[in-house]
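Input: one structure, supplied below.
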Amino acid sequence: MLSVAARSGPFAPCLSAVTHAVSGPLKGAAAPLVAATPKPLPLEPRRPFLCRESLLGQAARGGLAVTCGVKAPVSVRFVHNDVVVPDFSEYRRHDVQDSTKSSQASSESRKAFSYFLTAATCVGTGYMAKNVVTQIISTLNPAADVLAVSKIEINIKDVPEGKNVTFMWRGKPIFVRHRTQAEIDKEAQVPLTALRDPQHDLDRVKKPEWLVMIGVCTHLGCVPIANAGDFGGYFCPCHGSHYDASGRIRKGPAPLNLEIPPYEFLSDDVIVVG
């Protein structure tokens, strides 16, 4: 029964029309069909009438509603008056509750709040953007274990004069040479025109008696031997590169002098490399 009732919905205009008209042959004789005249509904002219279009736009409080259609006769029904319209007066500003007044004055009074809210939003957005960019850039920094070995302290107090001591820094050998006064004078007298990679001896040291270099040959990355070679400095036996006591290339295939790392003296006996 429920299925039949649900499917009969589209036939409501036809069923409604049947209730107002009687059609069919008379018993026993062929007589013309006579349509039954529906009895007019009594209406009170003093009560207001509202069409369906009016009901969609406003709430009707009492009165009658008239609906009509092409396939259905005119029908009249009473409008329910128990629908309560919500009241939002408690949530609205006091100066905009009166519909007869312009809202221009209210908008003028709210400008300061609007400007403050906009400025606060911009400042908060900029602060968050700065933190995001800072966090992204911080991920590119070296790790803590890398920073721990990025600098080393070397105690040069026990290095005898004329000797070379090797230390490790970032996986590379560091040559620390305690030069004699004769070596200092000899390297200072070498003319720059005689050098493949011209560089004065004083430009490669911070203290003349201490020479700090990276012990990697500039040819193919070999480790030279200290206190060897034709110039009494360093010699790379792999391909025959000769360096003087200032680490400058003097003979062989190496194109450049031995590299000087960044370092500084914390005291007369301690050097920090890195």
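Positions are given from 1 along the sequence. Here the structure is a predicted model, which means the values were calculated and not measured.
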Distance-minimising heavy-atom pair for C222 and C238:
SG-SG, 3.2 Å

More than 12 foreign heavy atoms under 6.0 Å from NZ of K206: is that the case here?
yes

Do F235 and V190 share a hydrophobic cluster (ILVMFWY, side-chain heavy atoms under 4.5 Å, transitive)?
no

What I want to check is whether the side chains of Q135 and N131 have a donor and an acceptor closer together than 3.5 Å.
no

If two hydrophobic side chains count as joined below 4.5 Å and joins carry through other members, does V223 share a cluster with I260?
yes

Output the distance between atom CZ (R179) and atom CD (Q181), rounded to the nearest 0.5 Å.
9.5 Å

Could you tell me which non-hydrogen atom of T218 sits nearest to which non-hydrogen atom of P255, and how far apart they are?
O-CD, 3.4 Å

Just by modelled atom types, is the L211 backbone N or O under 3.5 Å from a matching donor or acceptor in the R204 side chain?
no

Assess whether side chain to side chain contact (heavy atoms under 4.5 Å, CB included) is satisfied between V159 and W210, documenting all intermediate values.
CA-CA 10 Å; V159 179; W210 293 104; 4.0 Å; yes

Of the non-hydrogen atoms in Y234 and N164, which two are nearest, and what is the gap between them?
OH-OD1, 2.7 Å

Does one hydrophobic cluster hold both V212 and F265, with members joined at side-chain heavy-atom distances below 4.5 Å?
yes

Distance check, rounded to the nearest 0.5 Å: H242 atom NE2 versus C236 atom SG?
9.5 Å

Gap separating the CZ atom of R248 from the CG atom of L258, nearest 0.5 angstrom
11.5 Å

Distance check, rounded to the nearest 0.5 Å: E161 atom CD versus H178 atom NE2?
5.0 Å

Passing candidate, side-chain contact (heavy atoms from CB on, under 4.5 Å) with S246, options D203, L202, V205, D201
D201

Taking side-chain hydrogen bond (donor to acceptor under 3.5 Å, both in side chains) as the cut-off, I'd like each qualifying pair that reaches into residues 254-273, sequence neighbours left out, listed once.
D197-N257, Q199-N257, K207-D268

Closest non-hydrogen atoms of T166 and P173, given as atom of the first, atom of the second and distance, are CG2-CB, 3.8 Å

Scanning both residues in full, the closest heavy-atom pair of Y243 with A254 reads OH-CB, 3.2 Å

Is there a path of hydrophobic side-chain contacts, each under 4.5 Å between heavy atoms of I, L, V, M, F, W or Y residues, that connects M213 with I184?
no

How many angstroms lie between atom NE2 of H200 and atom CD of E187, to the nearest 0.5 angstrom?
10.5 Å

CG of L195 to CD1 of I249: how many Å apart, nearest 0.5 Å?
10.5 Å

Do any pairs count as a salt bridge (charged side-chain N to carboxylate O under 4.0 Å, His left out) and have a residue in residues 213-240, sequence neighbours left out, and if so which ones?
D230-K251

So which heavy atom on W169 is nearest to which on I214, and how close?
CZ3-CD1, 4.3 Å

D244 vs E183, test: side chain to side chain contact (heavy atoms under 4.5 Å, CB included). Steps then yes/no.
CA-CA 9 Å; D244 58 16; E183 292 176 338; over 6 Å; no

